[in-house]
Each structure stands twice: as structure tokens, then as C-alpha cells.
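Heads up, the thing below is written out as C-alpha cells.
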Amino acid sequence: MANPPQALRGMRDFLPERMILRHHVIGVFRRVFERYGFAPLDTPAVEYADTLEGKYGEEADKLIYKFEDRGGRQVGLRYDLTVPLARVVALYPELPKPFKRYQIAPVWRAERPQKGRYREFWQCDVDTVGTSSMLADAEILAVLHDALVQLGFRNFVMRLNNRKLLKGLSAYAGVPEGEEASVLRSVDKLDKIGEVGVRTELLEKGFAATVVDRLFDLLAPGEGDDVLARLRVPLADNPDAQQGIAELEQVREYLGALGVPETAYRIDLAMVRGLDYYTGPIFETVVEEPRIGSITGGGRYDHLVGIFSGRDIPAVGSTLGLERIVDVMEALGLFPEEKTRTQVLVTLFDADTTPEALRLATELRGAGVRAEVYLGEKGGLKRQLAYANNQGIPWVALLGPDEIARGEVTLRDMRDGTQQAVPRAQVADRLKSAPSG
RNA sequence: GUGAGUGUCGCCUAGCGGCUAAGGCGCCAGACUGUGGAUCUGGAGAUCGGGGGUUCGAAUCCCCUCACUCACCCCA
């Protein structure tokens with residue numbers, strides 16, 4: 001048997017049933033984003049390679065899909081939605097600030113697919129550009145919280161940290177200049193491999209035992225302690241750390257008023273983020289149940305726009321990972337069952353009555369009912385009902401000569417098999433008031 | 001990019017050197033010619049991912065290749 005062509009590795013087809021789930025999630029996100037005043041934006045999937053390269057860090061650069069186009073230009077598929085946003089902000093200085101935008105679109109990464117990781121996947125980004133106020137950072141977190149709650153998530157924790165604080169922490173521990181990234185990468189694994197694992201890894205990397213000890217002096221989590229308060233004294237003479245602490249304190253202050261409960265976030269010194277461009281607060285959300293990594297990730301990036309325009313414009317934002325969120329929601333059973341969007345199948349009785357059935361479908365659509373006419377070449381009521389049943393279409397409209405003569409339509413409820421003759425003029429209203437709308 | 005595991009009808013799975021590769025789901029037809037989802041009966045559908053090799057004989061063993069999955073790296 002001939003093997004039909006497959007989708008590329010790590011890239012997937014989304015059949016209707018799955019698209020309905022995705023649209024549900026995207027719909028919730030759009031509503032929430034717009035409720036906070038974020039405006040829609042879209043950018044090309046392909047960018048000049050120069051635009052993308054050197055923004056994410058050495059490792060990540062290798063994961064950019066790059067190729068040469070017909071004109072010999074070096075181009076790449078966008079790696080995230082943040083860099084294209086920075087490019088847009090640099091290119092259109094007239095955009096009024098603060099500029100608040102959201103973007104829901106696919107991005108590409110040339111890495112090996114794995115659980116919860118694809119080569120083509122959708123990100124849902126919200127960002128505020130043009131303000132250094134921690135109000136913007138707090139608002140981003142409030143939006144994330146709101147969006148996840150709207151979807152039905154209950155047990156999730158947004159982890160907060162701050163790059164400036166991490167920088168101060170490294171300095172305090174005596175990490176040599178230029179080695180911070182390597183240290184932080186190990187620290188990031190704390191919840192995965194534990195303190196012993198991180199210590200071992202750092203020692204193997206060649207860091208002095210005193211450095212590792214000093215690092216853990218401050219990382220050590222005390223029961224219910226206020227992390228920021230605890231750090232203020234030891235890091236008193238480090239301006240970076242003080243700034244980072246102050247930023248987080250301000251964010252924390254605003255979150256309450258924005259309706260984000262204290263249980264929904266946690267300051268976590270061991271949370272680092274890989275991408276190079278973050279400069280201040282950083283955030284991510286992890287869920288425990290299906291271990292799938294983070295479902296959101298973001299932070300402040302005050303110098304990214306400046307790389308493009310020569311003039312820094314502060315910005316902060318976050319991504320919600322669509323595929324991971326859909327995967328998690330599916331595992332948690334957070335989706336309403338919905339195989340089809342069709343509300344009613346209009347059946348065809350025979351060639352003579354077909355025009356009347358088409359007219360009925362047209363009437364229903366005009367009234368806002370999602371109505372489908374059976375299009376199969378082989379007719380037969382049996383086949384048409386089986387089709388409705390398989391598709392999960394909740395209602396079937398039957399109109400043969402009897403109904404037409406009486407000016408009625410027989411409406412069959414596919415769930416319990418009951419049916420009832422309804423005057424033609426009332427069919428749409430009846431369907432619209434039906435429980436499964 | 002590195003390592004490990006798995007590829008058998010559309011889907012899930014049995015078979016692990018030897019009769020025409022077995023079963024479930026789904027599909028098709030009928031019992032039921034204005035009526036689905038239950039039940040029963042019958043039917044179609046697989047050169048066992050692809051290529052090469054070992055053997056009298058390969059879905060079963062070996063090599064190569066492709067795909068998928070998982071882990072590392074990194075991340076949504």
C-alpha cells in the first residue's frame with residue numbers, strides 16, 4: 001500500500017474536533033486580552049534572519065528555522081512573537097505609547113519534538129511597550145491569571161523572579177564575571193534535580209565550593225518566609241539586587257488590587273528564564289498534574305527594541321502556550337464535549353422535496369442557527385440519521401411531503417430520540433432556545 | 001545535536017523462525033424500503049514502515065533507512 005505523505009516532523013494537522021478546542025481557548029484569550037485594552041497585531045511568519053539572530057542566546061539561535069529565499073535572502077521563521085513585536089515597535093515610532101497588543105500566531109523551533117513540545121506551535125502573547133511602570137508587569141500577570149481562570153484552571157502557580165535580583169545574587173555569591181548564565185542554568189533545575197543535584201552540577205562545572213555555598217545561603221527556602229524581606233539585608237550593598245527586590249515588591253503590591261489572590265503566585269528565586277532579552281521581572285506558570293513544563297512564560301525586556309532602533313523602549317509581556325494549554329485541559333477534562341458546531345441537520349427526503357429542505361436551511365441560517373444540509377450522494381433517512389449521530393449533531397429536521405403539506409417540520413432530538421412536529425415559523429426559535437445552543 | 005524504545009488492516013492490539021497473519025473498534029450490507037445510537041447475521045479491508053541480508057523457510061534474527069515516542073540540551 002502506498003504511504004500517503006506525512007506532515008513534517010513536529011508539525012501537526014488539526015482535525016475539526018481539535019480545532020474546536022483550540023478555537024475555544026483562543027476565543028477566551030481574545031476576550032480577556034481585549035477586556036484589558038490590548039489590541040490585535042499580526043506580523044509575517046518569515047523574517048530576515050538578521051532580525052531573529054542574536055536575540056535569544058547562543059543555544060536558541062541554533063533552533064531558528066533558517067533558509068535562503070528565491071532572491072538569495074537569508075530568512076527565518078519567527079522563533080517567538082516578542083522579537084517581531086520589538087521590530088514593529090522600532091519600525092513604527094508613531095505608535096502611541098504605552099502600546100498594548102496581543103498576538104495569537106504560530107512560531108517555529110527546529111528542535112526535536114517531545115512531550116508538550118512541537119516544531120510548529122502557537123503562542124498567545126500579551127505585551128505592553130513603552131512604560132517602565134511595574135503597573136504594566138502586574139497587569140500582565142493579572143491577564144494571565146484571568147485567562148487561565150476563565151478556561152477553568154484552578155490549581156496553578158505563577159512563579160515570579162527578577163533578572164536584576166539574580167544578577168545581584170550571582171555577584172553576592174562571587175560568581176566570576178561572564179559565568180552567571182551557566183550558574184543560573186543549573187539553579188533553574190532546582191525543582192527538578194534538587195539542591196544536591198544542583199550543587200553537584202555546579203561543582204562539576206568547576207565553581208568553587210564557597211561560591212556554591214553562598215548561593216544556597218540565599219536560595220534556601222524557609223517555611224512561609226518572605227523571600228524579599230529576607231534578602232534585603234544580605235544584598236544591601238548591591239544596587240541591582242535592591243532594584244530587583246523593589247520591582248518585585250511593587251508588583252506584589254499591585255497584584256492584590258488587581259484581583260490576583262496570593263495563592264496564585266510565588267516568588268521563586270530558582271526560576272530563571274532562558275531567553276537572553278529579559279532584564280527585570282520574569283514570570284512563568286507551571287502546572288503539576290500533567291508534567292508538561294511551563295504553560296506561560298514572559299518577563300520584562302527593556303533593551304530589545306533598542307537593538308532595532310538604537311533607542312531603548314521598555315517593554316514587558318508574556319506568552320501563553322496554546323498547545324500545552326490544550327494538552328493540559330484535555331488531560332484535566334476541562335473541555336465541554338463538542339464534536340461539531342452544527343446545531344441541526346436538515347435531512348433530504350427525495351428529489352421533489354429537496355428545494356423545500358434547502359429553503360428551510362436558508363431560513364434557519366438567516367435566523368442565526370448553524371444548520372447543515374445532508375450532502376451525501378446516497379440518501380435514505382437511516383444514513384442521514386446515522387451521520388447526525390456520528391457527528392454529534394444534536395437536532396435533525398425532517399420534512400417530507402406530510403410535513404410540507406401541513407407547513408410543519410419534524411424536529412428530532414438525537415439525544416433521547418424524541419421528535420415533535422413544529423410549525424415551520426417556530427423551528428428557528430425552538431432550536432435557538434434548545435439547551436445545546 | 002546526543003541517547004534509548006517502538007513501527008502488524010482506517011484505529012487499538014495478538015502473533016516473537018514453520019499451516020491461507022488472529023481479535024476488538026470502526027466501515028459496508030441485511031434482519032428493519034420516512035428514523036440513528038442497542039442486538040444478531042454476513043462482508044470488504046494487511047505484499048507485517050521501507051530497503052538489503054541470514055535461513056530450506058522471516059512479521060519474528062542481523063544491517064541500513066525513514067517515521068513516531070521518551071529522555072538530555074533548551075523551552076510554550
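Quick note on labels: first sequence line is chain A, next is B, and so on, each numbered from 1.
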For the side chain of [X] and the base of [N], is some donor closer than 3.5 Å to an acceptor across the two?
X: A:Arg412; N: B:rG36; value: yes
X: A:Gln6; N: B:rG49; value: no
X: A:Gln384; N: B:rU35; value: no
X: A:Asn389; N: B:rG37; value: no

Task: Carboxylate-amine/guanidinium proximity below 4.0 Å for A:Arg300 and A:Glu247 - done: no
Open item on the list: Closer than 4.0 angstrom, basic N to acidic O: yes or no for A:Arg273 and A:Asp188?
Closed with: no
Answer yes or no: does a side-chain N or O of [X] lie under 4.0 Å from OP1 or OP2 of [N]?
X: A:Lys62; N: B:rC73; answer: no
X: A:Arg9; N: B:rC68; answer: yes
X: A:Arg383; N: B:rA29; answer: yes
X: A:Arg273; N: B:rC74; answer: no
X: A:Arg117; N: B:rC74; answer: no
X: A:Gln123; N: B:rA76; answer: no
X: A:Lys382; N: B:rG36; answer: yes
X: A:Lys192; N: B:rC72; answer: yes

Open item on the list: Quick check on RNA chain B: between A:Lys378 and A:Tyr56, whose nearest nucleotide comes earlier from the 5' end?
Closed with: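 Here A:Lys378 is the residue nearer the 5' end.
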Task: Residue met sooner reading RNA chain B from 5', once A:Lys115 and A:Arg119 are mapped to nucleotides - done: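 It is A:Lys115, whose closest nucleotide lies nearer the 5' terminus.
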Task: Ring centroid separation A:Tyr277 to A:Tyr301 under 6.0 Å - done: yes
Nearest-angstrom distance from the residue atom [atom1] of [X] to [atom2] of [N]:
X: A:Tyr387; N: B:rC28; atom1: OH; atom2: P; value: 13 Å
X: A:Tyr374; N: B:rU35; atom1: OH; atom2: P; value: 14 Å
X: A:Lys189; N: B:rA71; atom1: NZ; atom2: C1'; value: 13 Å
X: A:Met271; N: B:rA76; atom1: CE; atom2: P; value: 11 Å
X: A:Tyr277; N: B:rC75; atom1: OH; atom2: P; value: 10 Å
X: A:Leu345; N: B:rG34; atom1: CG; atom2: C1'; value: 15 Å
X: A:Leu8; N: B:rA67; atom1: CG; atom2: C1'; value: 12 Å
X: A:Glu323; N: B:rA76; atom1: CD; atom2: P; value: 13 Å

Open item on the list: To the closest 0.5 Å, what do you measure between CD1 (A:Ile20) and CZ (A:Phe335)?
Closed with: 11.0 Å
Task: Rounded distance [0.5 Å steps], NE2 in A:His23 versus CZ in A:Phe14 - done: 10.5 Å
[atom1] atom, [N] versus [M]: distance in rounded Å?
N: B:rC9; M: B:rG23; atom1: C1'; answer: 12 Å
N: B:rA4; M: B:rU65; atom1: P; answer: 13 Å
N: B:rG17; M: B:rA59; atom1: C1'; answer: 11 Å
N: B:rG50; M: B:rA67; atom1: C1'; answer: 10 Å
N: B:rG45; M: B:rC64; atom1: C1'; answer: 31 Å
N: B:rA21; M: B:rC16; atom1: C1'; answer: 13 Å
N: B:rU20; M: B:rC27; atom1: C1'; answer: 24 Å
N: B:rA44; M: B:rG1; atom1: C1'; answer: 47 Å

Tell me which nucleotide, if any, is Watson-Crick or G-U wobble paired with [N] when both distances must be under 3.5 Å.
N: B:rG43; result: B:rC27
N: B:rC56; result: B:rG18
N: B:rA38; result: none
N: B:rC74; result: none
N: B:rC68; result: B:rG5
N: B:rC32; result: none

- [ ] Tell me whether A:Phe349 is stacked on the nucleobase of B:rG34, counting only the six-membered base ring and applying the 5.5 Å and 30° thresholds.
- [x] no
TODO: Measure up the A:Tyr56 and A:Tyr79 rings against each other and bin them: parallel (under 30°), tilted (30 to 60°), perpendicular (over 60°).
DONE: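 Rings of A:Tyr56 and A:Tyr79: tilted, as their planes differ by 30° to 60°.
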Task: Nearest-neighbour nucleotide for the A:Gln114 side chain, B:rC75, B:rC72, B:rG34 considered - done: B:rC72
Open item on the list: Starting the side chain at C-beta, find the nucleotide from B:rC75, B:rG1, B:rG36 nearest to A:Arg112.
Closed with: B:rG1
Open item on the list: So if I apply the side chain to side chain contact (heavy atoms under 4.5 Å, CB included) rule between A:Leu202 and each of A:Val175, A:Val212, A:Val211, which one comes out positive?
Closed with: A:Val212
Task: Close side-chain approach of A:Glu53 to A:Lys66, heavy-atom, < 4.5 Å - done: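 The answer is yes, as the side chains (C-beta and beyond) meet within the 4.5 Å cut-off.
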